[in-house]
Amino acid sequence: ALTAIGLYFWKFGHSGATRALIIPLLVVGLLSSVAPAIGLVRNPKRLAEAKEQHRRDPAAFVKAEKKRVDDFSRWYRPLLISWSVIIVVGLAVFHLWGGNIGRAVGIGLVLLAAAGLMVAHTSEANAKKYAAAISEAETS
């Protein structure tokens with residue numbers, strides 16, 4: 001959606017403010033598309049391998065998954081803090097840099113960080129559910 005808005009502003013934007021938003025919107029839109037695109041490519045292969053590992057040795061699979069989830073779950077707190085800091089930086093840039101370009105860069109940083117917060121928060125919630133399911137499978 002952000003990429004589409006950036007392209008719309010490029011085609012139809014006439015004011016300095018809308019013209020300044022073109023690059024930040026395109027950059028944030030494209031960056032926000034990279035992670036899902038990587039996931040679409042990598043996840044089917046990873047899921048097929050996981051099914052095969054589970055079929056071969058369910059106990060070893062559960063143990064390996066528990067370690068994998070514990071390893072990446074440690075990154076959520078620093079990640080959420082980092083995205084929050086980027087929002088504050090974006091707001092500072094918006095207010096202190098001045099002019100259309102400074103405000104556009106500030107808006108771009110806030111949009112990118114807000115999207116990052118949403119993705120990280122949702123991922124953390126899903127990881128907690130998965131960790132609970134792994135723990136339950138480990139005890140049964």
Side-chain angles (χ1 to χ4, degrees):
L2 293 173
T3 303
I5 293 168
L7 292 172
Y8 179 85
F9 282 0
W10 176 60
K11 179 76 173 164
F12 300 108
H14 300 293
S15 73
T18 56
R19 302 297 293 170
L21 281 168
I22 293 170
I23 291 175
L25 289 173
L26 291 175
V27 168
V28 172
L30 292 173
L31 288 176
S32 297
S33 301
V34 169
I38 291 170
L40 287 172
V41 171
R42 291 181 59 198
N43 280 347
K45 180 181 176 193
R46 191 183 67 75
L47 291 174
E49 290 171 356
K51 286 179 184 178
E52 178 60 26
Q53 290 170 351
H54 184 265
R55 187 190 62 72
R56 276 189 271 127
D57 188 353
F61 172 78
V62 168
K63 184 178 179 181
E65 280 298 284
K66 182 169 176 39
K67 180 182 179 341
R68 186 179 76 84
V69 171
D70 288 345
D71 287 348
F72 74 74
S73 290
R74 293 186 189 124
W75 285 96
Y76 285 118
R77 178 70 53 198
L79 190 58
L80 292 169
I81 291 169
S82 297
W83 286 126
S84 300
V85 167
I86 292 171
I87 287 176
V88 172
V89 169
L91 291 171
V93 167
F94 180 87
H95 288 288
L96 301 176
W97 187 343
N100 291 331
I101 293 175
R103 287 187 171 179
V105 169
I107 289 170
L109 287 171
V110 169
L111 288 172
L112 179 65
L117 273 173
M118 288 186 282
V119 170
H121 173 66
T122 303
S123 177
E124 181 182 29
N126 291 337
K128 285 179 180 179
K129 283 183 186 177
Y130 187 60
I134 291 293
S135 293
E136 186 177 313
E138 189 176 43
T139 59
S140 56

More than 12 heavy atoms from other groups under 6.0 Å of [atom1] on [X]:
X   : atom1 : value
R46 : CZ    : yes
R68 : CZ    : yes
I22 : CD1   : yes
E52 : CD    : yes

Let me check something: do [X] and [Y] share a hydrophobic cluster, defined by ILVMFWY side-chain heavy atoms less than 4.5 Å apart, either directly or through other members?
X   : Y    : result
V88 : V105 : no
L96 : L91  : no
L21 : W97  : yes
Y76 : M118 : no

Over all heavy atoms of both residues, which pair between [X] and [Y] is shortest? Give the atoms and the distance, please.
X    : Y    : result
S135 : K66  : OG-NZ, 4.2 Å
F72  : A127 : CE1-CB, 3.7 Å
L109 : V89  : CD1-CG1, 4.3 Å
G106 : V93  : N-CG1, 3.7 Å
A131 : V69  : CB-CG1, 3.7 Å
L112 : W83  : O-CZ3, 4.0 Å

- Of F12, F9, W10, the residue whose pairing with T18 passes side chain to side chain contact (heavy atoms under 4.5 Å, CB included):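 Exactly one option meets the side chain to side chain contact (heavy atoms under 4.5 Å, CB included) with T18, and it is F9.
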Would you give the length of the straight line joining atom [atom1] of [X] to atom [atom2] of [Y], rounded to the nearest 0.5 angstrom?
X    : Y    : atom1 : atom2 : answer
H54  : E65  : NE2   : CD    : 9.5 Å
H95  : R103 : NE2   : CZ    : 8.0 Å
L2   : L7   : CG    : CG    : 11.0 Å
I134 : K63  : CD1   : NZ    : 14.0 Å
L117 : S82  : CG    : OG    : 10.0 Å
F61  : R56  : CZ    : CZ    : 11.0 Å

- Under-4.0 Å salt bridge between D71 and K67: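 So D71 pairs with K67 through a salt bridge.
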- Message: Apply side-chain contact (heavy atoms from CB on, under 4.5 Å) to residues L111 and L25 and explain how you reach the verdict.
- Response: CA-CA 9 Å; L111 288 172; L25 289 173; 3.7 Å; yes
- Message: For a 4.5 angstrom cut-off between non-hydrogen side-chain atoms, does L80 reach E124?
- Response: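 The answer is yes; the side chains approach within 4.5 Å.
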Can you give me every donor-acceptor pair (side chain of residues 26-39, partner residue at least two apart or in another chain, under 3.5 Å) with its distance?
unit_1, atom_1, unit_2, atom_2, d
S32, OG, V28, O, 2.8
S33, OG, G29, O, 2.9

